[in-house]
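Everything below concerns the one structure shown next.
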Number of protein chains: 2
Amino acid sequence: MTATATREETGHEAPSARQQAVLDAVLALLVEEGDQLTMDAVARRASCSKETLYKWFGDRDGLLTATVRWQASRVHAGRDAGGPLDAESLRERLLDFAVSWLDVIAGRTSVVLNRIAIAHAGSRKGNLGAIVLANGRLAIGARVKPVLEAGRAAGLLAFDDGETAFRTFFGLVGRDIQIRLLLGDALELDATEIRRDAARAVDQFLALYGQAHP
Amino acid sequence: MTATATREETGHEAPSARQQAVLDAVLALLVEEGDQLTMDAVARRASCSKETLYKWFGDRDGLLTATVRWQASRVHAGRDAGGPLDAESLRERLLDFAVSWLDVIAGRTSVVLNRIAIAHAGSRKGNLGAIVLANGRLAIGARVKPVLEAGRAAGLLAFDDGETAFRTFFGLVGRDIQIRLLLGDALELDATEIRRDAARAVDQFLALYGQAHP
DNA sequence: GAAGCCGCGTACCGTACGGTACGGTACTGG
DNA sequence: CCAGTACCGTACCGTACGGTACGCGGCTTC
């Protein structure tokens, strides 16, 4: 193990540059070809041998898992900026989360990876689903909830349960978009539309949970 | 074609009793075994020959399609009762839709079928996704929207676009439930919880779109 | 520059599974 | 009683794909 090889807290080696290239090839293939991904195709596309693939990732599942992790590692939707919180900055931060989240779930990569993970969850031993869940729904929740709590502490929001409040936010933002995309609906979302959707969701959320500043 | 053999408007034969039994076997297998459904397993479970399977349904996709259609044909979540509309009955009908919808998406069968359809949408020629979409999200939308319109006509609701209003309703009801279940989250929903969730969603929807009766 | 390793390319193996063929049995109509 | 039909059970075929083996070229190390 070299000095530069960092470990994630979960105990997985960070992929080397070459390995990252392989994982990017998997993502590209997944996006282009749908989900009937073969090890042969990956090897061809990444210009590496199948043997190397198996050496690095163990088996097909390992490759898929590494790919999902790799994608997750560079999607940090709506990282909160911190700073003081007033009504305007609260709205702004929520809007930021909403836009980031919609950007993610509307992306081809996210759709394909979620499809893989969902199919995987249908078979036994589906930790892929758990990984996607942890880096998607759960991660965004973990980031939004503190903001909501801060909003409550500042007297800008009123709710009993932060989890419930967040789930409402989640529902208002995502609505039917993700399931439609997963099921193959052609639904095109450009940036302006996403921004408008996000703004509407935030408005609705604040209408439900907001309080006039005391 | 016998006199009793009805056709759906889409032009598909209604399955015979024996065929229905086969499709039920498929559903059972799907629920029990996850989604690695083989034609052999179906034939064994349904006590029929593979040849018959192919004769009746064409190929594996045809069998899957017929199964999805068959399930869809007996799920009519939240059929509207009609009748006069005041604030109370509007709330009641929306609650009814919400409960039915949650019942459906929380069911094992729905989860498995959605998984199949989503995986299918990832490959080419995925009409399965379209079918599930048509009988799920789109069907419920088609039933709820008239109620919303009626509510608006009665001065109980205020909105510009019925589609947008419905999608908000959809988001408030479903929130993160469907994606979590699809990804394999263990999320258990009993009847009382569903009722509570549905009631909260309807309250929130009415808070956003309701109007005091003029 | 020899030794050794890494990894590419390719050929190969085993098996699971979609799809087909065929014989045997029960039922129906003439 | 004899076609004809429907359908069950099972054996079979072809292929796609996960996984393995092996030879060869290029890079590092001493």
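Within every chain, numbering begins at 1; the chains are lettered A, B, ... in the order of the sequence lines, protein sequences first and strands thereafter. Worth knowing before you read on, the calculation uses all heavy atoms, side chains too, and leaves out hydrogens, waters and symmetry mates.
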request  = Please check if any side-chain donor atom of B:Tyr209 sits under 3.5 Å from a side-chain acceptor atom of A:Gln204, or the reverse.
outcome  = yes
ask   = With a 4.0 Å cut-off on heavy atoms, is B:Leu53 in touch with a base, just the backbone sugar-phosphate, or nothing at all?
value = nothing
Using nucleotides 19-21 of chain D, report all nitrogen or oxygen pairs with the protein that are shorter than 3.5 Å.
unit_1, atom_1, unit_2, atom_2, d
D:dG19, OP2, A:Arg60, N, 3.0
D:dG19, N7, A:Lys50, NZ, 2.9
D:dG19, O6, A:Lys50, NZ, 2.5

query = How about B:Arg69 and B:Leu23: do any of their side-chain heavy atoms sit closer than 4.5 Å?
reply = no
Distance, rounded to the nearest Å, where B:Lys55 contributes NZ and D:dC8 contributes P = 10 Å
message = Just N and O in the side chain of B:Arg18: are any of them under 4.0 Å from OP1 or OP2 of D:dC8?
response = yes
Value in whole Å for how far the P atom of C:dC17 lies from CZ of B:Arg44 = 10 Å
For atom CZ of B:Arg45 and atom P of D:dC8, their distance in whole Å = 16 Å
task = Measure the distance from CD on B:Gln36 to P on D:dC17 and round it to the nearest whole Å.
result = 18 Å
request  = Taking the side chain as every heavy atom from C-beta outward, state whether A:Arg93 and A:Val144 have any atom pair closer than 4.5 Å.
outcome  = no
message = For D:dA6 and B:Trp56 - does any side-chain N or O of the residue sit under 4.0 Å from the phosphate oxygens OP1/OP2?
response = no
request  = For the pair B:Trp101 and B:Phe170, name the ring-plane relationship: parallel under 30°, tilted 30 to 60°, perpendicular over 60°.
outcome  = tilted
query = B:Thr38 side chain N/O closer than 4.0 Å to the phosphate oxygens (OP1, OP2) of C:dC17?
reply = no
request  = For residues A:Phe57 and A:Leu64, determine if any side-chain heavy atom of one lies less than 4.5 Å from a side-chain heavy atom of the other.
outcome  = no
query = How is B:Leu37 classified with respect to the nucleic acid when contacts are heavy atoms under 4.0 Å: base, sugar-phosphate, or nothing?
reply = sugar-phosphate
message = Taking CG in B:Asp160 as the centre, count heavy atoms belonging to other residues, nucleotides or ligands within less than 6.0 Å. Is the count above 12?
response = no
